[in-house]
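The block underneath contains the structure these notes are about, expressed in structure tokens.
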Amino acid sequence: METATLNEIYPGTQSFKEILYTRTSCRGFLETPVSDNIITSVLEDAQLAPSNCNTQPWETHIVSGDKLNELSEALIKENNAGRFSPDFTFDTNEYHADHKERYFNLAETMYGAFGVAREDKEGRKAAADLNYRFFNAPHVAIPFMPSFGDNVRVGGDIGMYGQTFLLSLTAHGLAGIPQTALGFFAGTIREILNVPDEMKMLFGISFGYADPDAPGNSFKMKREPIAKTVVFHK
Ligand SMILES: Cc1cc2nc3c(=O)[nH]c(=O)nc-3n(C[C@H](O)[C@H](O)[C@H](O)COP(=O)(O)O)c2cc1C
């Protein structure tokens, strides 16, 4: 049996480095839907993510079309009413030192790109609320996970899955954004998608074709040099 080359699988494919450096969180999508074939190809790639004991603890729901509109309306309503239903706690006040600084830097860069001033609370809310319109994306992927023990390991597996999914999107000429903001309404999302309570969620990934002119896509977050994040032992 002949083995397909990478270029046959993804015609015009980029190198790993190109894909890695091109991937960025997309906060503005074109309405153009992604074909079922391409979505299937991304899902097959994501399926190659490693997981503890090869448990593959993800059940991914892909939401599009009318169902996506229904979900968006419910999320906007719940968000405006302050009715949060997360499976896991999340408090940015817990960030400290370098992590807090990086978080502030992201907030300033992102709200700056949307033209919102630091003290403009309403403007900030309006920009944050774009999460619940999926930044105009035609699709969202929601990887649900079963609950095991304190859920840390299964959460790690979902992270591996998410990054593989995101890199595959990039390799297919698409873009995506992981969204903890969606996880704040895990209960609402489960209800609308008819998912049992036993299945938990951390984040969703809105995806589609990036709108190059969207203000939310006008910046790229930098990373620390590895000297700040790596310790070598010999
Ligand atoms: C698990 C996870 C959840 C995230 N949740 C959100 C979110 O709710 N809204 C948002 O705008 N960005 C979200 N992000 C995107 C991060 O802000 C982004 O990854 C970070 O700033 C680095 O930028 P980059 O992804 O463009 O390299 C999330 C990222 C991850 C990994």
Side-chain angles (χ1 to χ4, degrees), residues 16-29 46 49 57-58 60 63 71-72 75-76 78-79 84-92 94-95 98-116 123-137 140-145 151-171 174-186 188-189 200-208 210-212 214-226 228-229:
F16 172 71
K17 284 271 187 193
E18 280 169 323
I19 293 165
L20 194 58
Y21 282 77
T22 312
R23 187 213 60 79
T24 188
S25 290
C26 178
R27 295 183 181 84
F29 292 86
W58 40 75
T60 307
V63 191
L71 189 59
S72 174
L75 292 173
I76 291 167
E78 294 301 291
N79 185 41
F84 304 103
S85 51
D87 289 332
F88 304 98
T89 58
F90 183 77
D91 184 356
T92 52
E94 288 177 1
Y95 292 151
D98 286 351
H99 307 99
K100 189 171 178 177
E101 205 177 295
R102 290 171 201 150
Y103 163 59
F104 282 164
N105 178 251
L106 165 71
E108 206 169 309
T109 309
M110 188 170 62
Y111 292 120
F114 283 113
V116 178
R124 281 190 168 224
K125 183 180 177 319
D129 285 0
L130 293 174
N131 275 288
Y132 304 115
R133 298 182 192 282
F134 310 107
F135 297 102
N136 204 39
V140 65
I142 304 180
F144 286 93
M145 62 191 215
N151 293 306
V152 171
R153 288 179 211 291
V154 70
D157 292 341
I158 291 292
M160 300 262 171
Y161 181 87
Q163 170 71 331
T164 312
F165 190 98
L166 289 165
L167 290 175
S168 176
L169 287 174
T170 306
L174 300 166
I177 178 165
Q179 292 169 268
T180 289
L182 300 179
F184 298 159
F185 300 96
T188 303
I189 295 175
K200 306 297 179 198
M201 72 162 282
L202 281 170
F203 56 82
I205 301 178
S206 294
F207 68 96
D211 176 354
N217 294 334
S218 61
F219 62 93
K220 189 157 170 66
M221 295 311 297
K222 295 208 171 72
R223 296 299 193 271
E224 299 284 6
I226 62 166
K228 271 203 96 163
T229 61

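When a ligand or atom number is given, it counts from 1 through the structure's own listing order. Computed from a prediction, not measured in an experiment: that's the story for all the values here.
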Classify the ring geometry of F84 against F185: parallel below 30°, tilted from 30° to 60°, perpendicular beyond 60°.
tilted
Those residues at least two apart in sequence (or on a different chain) that pass side-chain contact (heavy atoms from CB on, under 4.5 Å) with D211 are L30, D213, A214
Among residues at least two apart in sequence or on other chains, which ones pass salt bridge (Lys or Arg N to Asp or Glu O under 4.0 Å) with K125?
D129
Applying salt bridge (Lys or Arg N to Asp or Glu O under 4.0 Å) to E94 and not counting sequence neighbours gives none
Measure from every N or O atom of ligand 1 to the protein's N or O atoms and keep only the pairs below 3.5 Å, writing each with atom names and distance to 0.1 Å.
unit_1, atom_1, unit_2, atom_2, d
ligand 1, 5 (N), P178, O, 3.1
ligand 1, 5 (N), T180, N, 2.8
ligand 1, 8 (O), T180, N, 3.1
ligand 1, 8 (O), A181, N, 2.9
ligand 1, 9 (N), N131, OD1, 3.1
ligand 1, 11 (O), R27, NE, 2.9
ligand 1, 11 (O), R27, NH2, 3.4
ligand 1, 12 (N), R27, NH2, 3.1
ligand 1, 14 (N), P178, O, 3.3
ligand 1, 17 (O), R27, NH2, 3.1
ligand 1, 19 (O), S25, OG, 3.4
ligand 1, 25 (O), R23, NH1, 3.1
ligand 1, 25 (O), R23, NH2, 3.3
ligand 1, 25 (O), S25, OG, 2.6
ligand 1, 26 (O), T24, OG1, 3.1
ligand 1, 26 (O), S25, N, 2.8
ligand 1, 27 (O), R23, NH2, 2.9
ligand 1, 27 (O), R223, NH1, 3.4
ligand 1, 27 (O), R223, NH2, 2.8

Measure the acute angle between the ring planes of F184 and F90, then classify it against the limits of 30° and 60° as parallel, tilted or perpendicular.
tilted
NZ/NE/NH1/NH2 to OD/OE distance under 4.0 Å, D157 and R153:
no
